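In what follows, every heavy atom counts, from backbone to side chain, and hydrogens, waters and symmetry copies are set aside. Every value quoted in this text rests on a predicted model; they were computed, and no experiment measured them.
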Amino acid sequence: MIDLGIKRFCDVAVVGGGPAGLAAAVYLSRFLRSVLVFDVDDGRAKLIPRTNNCPGFPEGISGRDLLHRLREQATAYGTEVLSSGVESLSGRHGAFVLQTTAGNVQASRIVLATGVVDRAPAISGLRKAIASGAVRLCPVCDAYEVQGQRIAIVGPDHSALREALYLRRYSPWVSIICNYPQDVSAAVRREARAAGIAVLDAVDDLVLREAGLDVVMADGSKTERIGVLYAAMGCDVRSELAMDVGAHCDEEGYILIGPHAQTSVDGVYAIGDVAKALNQIAVGFGQAALAATHIHNSLMAEQARGGNA
C-alpha cells in the first residue's frame with residue numbers, strides 16, 4: 001500500500017474561507033460533522049468596504065466584518081480553520097486527499113469555495129481606491145449607491161458597453177474609457193452613442209483623488225473628474241483543484257454544478273463565485289446550505305448502509 005502521509009482526517013474539507021465556504025462550515029458543524037476549512041485569507045470579500053445588499057444587514061456591513069462574524073459562528077460550532085493552502089486534490093468519493101502546506105489531509109467530501117480573482121486596472125493605490133469606493137467591481141452589488149455620480153467603465157469594449165448600459169439607468173453621466181481609439185469598435189461606439197454613453201479613447205492615466213479619480217488624457221485635453229470607476233475586465237477563476245479531479249468546467253473556468261451544488265465528480269461540491277452562477281454573497285449562502293445538507297444526508301445514507309461516515 002502506498003503511504004500517502006495522511007496527517008489529518010475529516011468528514012468534509014472546505015477549501016476557501018469566504019462567505020460561502022464559512023456558511024457551509026456553519027451548517028456542516030451543526031450537523032455534527034468534522035469540518036476543516038482551508039483559508040489563506042486572500043478572498044475578494046475582504047476587499048468590500050461596505051455591502052448594502054447582503055440580506056439581514058440594513059445598515060450595510062464591510063466584507064471584513066462579515067467574514068469575522070461568519071468565522072466566529074463556524075468555529076463556535078466546532079469548525080477548525082487552518083491558514084494553509086491546498087496545493088492539489090486527488091482521490092475519489094469517500095477518500096479524497098488534499099495536499100496542503102500543513103501536510104496531507106483525507107476527507108470524505110470536498111467543498112470547493114475557492115472563488116475568483118478580479119482583474120483590475122493598473123492604478124497607483126488600487127487597494128485604497130477600492131476601499132474608498134472610487135473603484136468598484138460589481139454594479140449588481142452597488143450601483144444603487146452610485147446613483148447620479150459620474151461613472152466610467154474600463155475593460156474590453158463589448159464588456160464595458162454591457163456594463164455601461166446597465167449603469168446608464170443609475171446615472172446620466174456614464175462613459176467608457178480606454179487608452180487607444182482602436183480599442184473600441186465602430187459598432188460599440190454607435191451603440192454607446194445611441195444610449196448617451198461617452199467614449200474617452202485616449203486616456204493616459206487615472207489618478208486617485210480625495211473624492212473620485214482624475215481621468216488624464218494623453219492629448220493634453222481637459223482632465224475629466226469621475227466619482228466612480230467600474231472595472232469590467234473579467235476575472236480569473238480558481239478552479240484548478242476541480243480540474244485536478246476532472247470536474248467539468250465551462251470555457252471561462254467556472255465549475256459546473258447541479259441542483260445541490262454537486263460537481264460532475266461524486267463527493268465534490270462547488271459553491272460561491274467559483275461555481276457557474278450569479279456572483280453574489282446571497283447566492284453563495286444558498287449554495288452552501290444546499291451543499292452542506294446534501295453532504296450530510298449522503299453521509300447518513302452511507303452510514304445506514306454500513307459504509308464509512
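Around CZ of Arg119, the count of heavy atoms belonging to other residues, nucleotides or ligands within 6.0 Å exceeds 12. When the shell of 6.0 Å around CZ of Arg127 is examined, it contains 12 or fewer heavy atoms from other residues, nucleotides or ligands. By the neighbour-count criterion of 12 heavy atoms within 6.0 Å, atom CZ of Arg71 is sparsely surrounded, having that number or fewer from other residues, nucleotides or ligands. Crowding of Arg30 atom CZ: a count of heavy atoms from other residues, nucleotides or ligands under 6.0 Å not exceeding 12. In the displayed structure, His93 atom NE2 is contacted under 6.0 Å by more than 12 heavy atoms of other residues, nucleotides or ligands. By the 6.0 Å contact criterion, CZ on Phe96 is enclosed, its count of non-hydrogen atoms from other residues, nucleotides or ligands being greater than 12.
Using a 4.5 Å cut-off on side-chain heavy atoms (C-beta onward), Lys7 and Asn104 make no contact. Looking only at side-chain heavy atoms (C-beta outward), Phe9 and Ser34 stay at 4.5 Å or farther from each other. Considering only heavy atoms from C-beta on, Thr263 stays 4.5 Å or farther from Ile110 through its side chain. Put simply, the side chain of Gln262 does not reach to within 4.5 Å of the side chain of Val268, judged on heavy atoms. Looking at heavy atoms from C-beta onward, Asp183 lies out of side-chain contact with Asp201 at the 4.5 angstrom threshold. In this structure, the side chains of Asp142 and Thr51 stay at 4.5 Å or more apart for every pair of heavy atoms. Val105 is listed as a side-chain neighbour of Phe38, based on a closest heavy-atom distance under 4.5 Å. Looking at heavy atoms from C-beta onward, Tyr230 lies out of side-chain contact with Val174 at the 4.5 angstrom threshold.
Between the side chain of Thr101 and the backbone N or O of Ser84 there is no donor-acceptor pair closer than 3.5 Å. Formation of a donor-acceptor pair under 3.5 Å by the Ser29 side chain with backbone atoms of Gly78 is not found in this model. Listed for the Arg169 side chain is no donor-acceptor partner under 3.5 Å among the backbone atoms of Tyr166. In terms of modelled atom types and a separation under 3.5 Å, the side chain of Asp204 and the main chain of Met217 share no donor-acceptor contact. Checking side-chain atoms of Gln287 against main-chain N and O of Gly272 turns up a donor-acceptor pair under 3.5 Å. Between the side chain of Asp157 and the backbone N or O of Ser185, at least one donor-acceptor pair lies under 3.5 Å. Between the Arg50 side chain and the Glu59 main chain, a donor and an acceptor come within less than 3.5 Å of each other. Looking only at distances, a side-chain donor or acceptor of Gln147 sits under 3.5 Å from a matching main-chain atom of Tyr144.
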Cys141 vs Gln280, test: side chain to side chain contact (heavy atoms under 4.5 Å, CB included). Steps then yes/no. CA-CA 8 Å; Cys141 301; Gln280 293 285 290; 3.2 Å; yes
Take Cys249 and Ile255, measure what side chain to side chain contact (heavy atoms under 4.5 Å, CB included) needs, and give me the verdict at the end. CA-CA 4 Å; Cys249 300; Ile255 304 171; 4.1 Å; yes
Under the side chain to side chain contact (heavy atoms under 4.5 Å, CB included) rule, what do Val26 and Thr79 come out as? Steps first, then yes or no, please. CA-CA 7 Å; Val26 169; Thr79 292; over 6 Å; no
Step by step, would you call Leu206 with Val135 a side chain to side chain contact (heavy atoms under 4.5 Å, CB included)? CA-CA 11 Å; Leu206 293 164; Val135 172; over 6 Å; no
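Clustering ILVMFWY residues whenever any of their side-chain heavy atoms sit less than 4.5 angstrom apart, transitively, puts Leu89 in the very cluster that holds Val265. Criterion: ILVMFWY side-chain heavy atoms under 4.5 Å apart, direct or through other members. Under it, Leu98 and Val40 are not part of a common hydrophobic cluster. In terms of hydrophobic clustering, with Ile, Leu, Val, Met, Phe, Trp and Tyr side chains grouped at heavy-atom distances under 4.5 Å, Val146 and Leu213 are assigned to different clusters. Taking hydrophobic clusters as Ile, Leu, Val, Met, Phe, Trp and Tyr residues chained together by side-chain heavy-atom distances below 4.5 Å, Leu299 shares a cluster with Ile271. A continuous path of Ile, Leu, Val, Met, Phe, Trp and Tyr side chains, each step under 4.5 Å between heavy atoms, connects Ile130 with Ile226, placing both in one hydrophobic cluster.
The residues Asp42 and Arg238 are annotated as salt-bridged, a charged nitrogen and a carboxylate oxygen being separated by less than 4.0 angstrom.
Considering all non-hydrogen atoms of both residues, Pro19 and Ile281 come closest at CB-CG2, 4.1 Å. Here the closest heavy-atom approach between residue Ala292 and residue Phe31 is recorded as O-CE1, 3.7 Å. The shortest heavy-atom contact between Val35 and Ala25 is CG1-CB, 4.1 Å. Here the closest non-hydrogen pair linking Ile153 and Ile151 is CD1-CG2, 4.3 Å. The minimum heavy-atom distance between Val283 and Ala277, with the atom names listed, is CG1-CB, 4.2 Å. Here the closest heavy-atom approach between residue Lys46 and residue Arg64 is recorded as O-CG, 3.6 Å.
Among Asp11, Ile295, Thr293, the one residue that satisfies the side-chain contact (heavy atoms from CB on, under 4.5 Å) test with Leu28 is Ile295.
Atom CG of Leu241 sits about 6.0 Å away from atom CG of Leu112, to the nearest 0.5 Å. Taken from CD in Glu210 to OG in Ser132, the straight-line distance is 10.5 Å, to the nearest 0.5 Å. The distance from atom CG of Leu200 to atom CD of Glu224, rounded to the nearest 0.5 Å, is 5.5 Å. Going from atom CZ of Arg69 over to atom CD of Glu72 covers 9.0 Å, rounded to the nearest 0.5 Å. In this structure, CD on Glu87 lies 11.0 Å from CG on Asp244, to the nearest 0.5 angstrom. Note: Asp273 CG to Leu278 CG = 9.0 Å, rounded to the nearest 0.5 Å.
Remark: the Asp214 side chain and the Thr223 side chain contain no N/O donor-acceptor pair separated by less than 3.5 Å. Of the N and O atoms on the side chains of Ser108 and Arg33, not one donor lies less than 3.5 Å from an acceptor on the other residue.
Considering only residues two or more places apart in sequence or on other chains, Ser124 meets the side-chain hydrogen bond (donor to acceptor under 3.5 Å, both in side chains) condition with none of them. Taking the side chain to side chain contact (heavy atoms under 4.5 Å, CB included) definition, one finds that Ala195 meets it with Leu165, Ile197, sequence neighbours left out.
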